[in-house]
Amino acid sequence: MAELLKGAPVAAAIRERVAGICERTRARGAQPKLAVVRVGERPDDLAYERGALKSCERAGVAAEVFALPAGISDAAFQDAFAAVCADTGNHGVLLFRPLPKGLDEAAARAAIPPEKDVDCMSPANFAKLFQGDPSGFAPCTPRAVMETLRHYGVSVQGKRVTLVGRSLVVGKPLAMLLLAESATLTVCHTKTQDLAAECRRAEILVAAAGSARMITAGYVSPGAVVVDVGMNVDETGALCGDVDFEAVSAVASRITPVPGGVGSVTSSVLALHTALACAASLGLPN
Ligand code: NAP
């Protein structure tokens, strides 16, 4: 059976780092604070919000939710968002996307100050990510994957890594982080021919497709490390990943579970980015 790469110890180690940063910022009179901007009440947003608030609280980072009505006009939304971004007490700003129809997401992306953009939605932080410049914030989920691998001593350098998924939220940014650490990378998607063969070549397989249990044992080479980013609800209503956990556990050497894997690390990365943003605003080193 594969060794479980659980998210909880990774999240705990990140929280410890956050606590140290918060101690240094508080000594300088600044309490790190995350502003969460939500428009409407999408269940996905509410679930992520609960996790983010809990994680911030446990890490000693303050958090405030700015909930705006689903029917808000674009002008009112842009004004409210600009005010949250401009408040010097908010060190990190998280905006739930996609925004309801009629709201200009591109304008919001452009408006967020890169130094407060703790989940990488601004063009400036995206550019840094693609340039391999670590001074910007990467999106939290791809960073959570890298933190998980690092925590468990899995180096990607020179390894054959196959990534299933090329979205702007997970796949592409994760590809950049993997390349920055010198992985030999294959990125797959719905047009990939013989996906199973591409996956079987991998020493490290990362699934970020959003398709319940699509990665079966036949996709995994014996001894591979498998990271499951997927968060899906199956036909019985249960949360599951993109990986058929039972079957793949018998083939892989190490595997992240769902729930309890990468997802549980993501919100601690958000707290970390917020603490780092606060420290940077004070000119403190990381
Ligand atoms: P997305 O925007 O739907 O993108 C899915 C990607 O996977 C696309 O590039 C798509 O290819 C590819 N894909 C889908 N089905 C495939 C298949 N059968 N074969 C090969 N490629 C396939 O999803 P996302 O936002 O990137 O999210 C991916 C998963 O991660 C979801 O389950 C989501 O819930 C989860 N997630 C988890 C966290 C966390 O904290 N753990 C955070 C965010 C997202 P094309 O480009 O060709 O369409």
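Just so you know, ligand 1 is whichever comes first in the structure, and atom 1 is the first atom listed for that ligand.
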Which of the atoms in ligand 1, numbered in the order shown and given with their element, are less than 4.0 Å from a heavy-atom of G210?
28 (C), 29 (C), 31 (C), 32 (O)
Taking atom CG of D119 and atom CG of N125, what is their separation to the nearest 0.5 Å?
10.0 Å
Selected option - heavy-atom contact closest to atom 47 (O) of ligand 1, from V262, D242, T190
T190
Atoms of ligand 1 under 4.0 Å from any heavy atom of M214, numbered from 1 in the order shown, are 17 (C), 18 (N), 19 (N)
Of the options V61, V18, V36, which is the one that meets C56 in a side-chain contact (heavy atoms from CB on, under 4.5 Å)?
V61
So which protein heavy atom does atom 1 (P) of ligand 1 come closest to, and at what separation?
S167 CB, 4.0 Å
Distance from atom 12 (C) of ligand 1 to nearest protein heavy atom, with residue and atom:
G165 CA, 3.9 Å
V164 neighbourhood, listing ligand 1 atoms whose heavy-atom distance to it stays under 4.0 Å
20 (C), 21 (N)
Measure the spacing between CG of L178 and OG1 of T186 and express it to the nearest 0.5 Å.
11.0 Å
Using a strict threshold of under 4.0 Å (side-chain N to carboxylate O), is an ion pair present between K159 and E203?
no
I'd like to know whether CD of E105 has more than 12 heavy-atom contacts from other residues, nucleotides or ligands below 6.0 angstrom.
yes
Side chain or backbone, does T141 bring an N or O within less than 3.5 Å of an N or O on ligand 1?
yes
Mind checking whether F126 and F130 have parallel, tilted or perpendicular rings, split at 30° and 60°?
tilted
Looking only at protein heavy atoms, identify the closest one to atom 21 (N) of ligand 1 and say how far it is in Å.
H189 C, 3.2 Å
Short side-chain to backbone donor-acceptor contact, E147 and V262, under 3.5 Å
no
Among protein heavy atoms, which sits nearest to atom 30 (O) of ligand 1, and what does the distance come to when rounded to 0.1 Å?
V229 O, 3.4 Å
In terms of relative ring orientation, are F137 and H273 parallel, tilted or perpendicular, with 30° and 60° separating the classes?
tilted
So how far is it from L5 CG to I255 CD1, rounded to the nearest 0.5 Å?
8.5 Å
Test item, A208 contacting ligand 1 (heavy atom, 4.0 angstrom):
yes
Have a look at ligand 1 and work out which part of T192, if any, has a heavy atom under 4.0 Å from it: side chain, backbone, both or neither.
neither
So, taking the atom named CG in L129 and the one named CG in L177, what distance separates them when rounded to the nearest 0.5 Å?
5.5 Å
Which residue and atom name correspond to the protein heavy atom nearest atom 3 (O) of ligand 1, and how close is it?
A209 O, 4.4 Å
Considering heavy atoms of the protein only, find what lies nearest to atom 40 (O) of ligand 1 and give residue, atom and distance to 0.1 Å.
T266 OG1, 2.9 Å
Identify the closest protein heavy atom to atom 46 (O) of ligand 1: which residue and atom is it, and at what distance?
R166 NE, 2.7 Å
Within ligand 1, which atoms have a heavy atom of L195 less than 4.0 Å away?
19 (N), 20 (C)
Polar contact flag, side-chain donor to acceptor under 3.5 angstrom, K128-S135:
yes
What protein heavy atom is closest to atom 27 (O) of ligand 1, reported as residue, atom name and distance in Å?
V170 CG2, 4.1 Å
Closer than 4.0 Å to some heavy atom of G263 - which atoms of ligand 1 meet that?
40 (O), 41 (N)
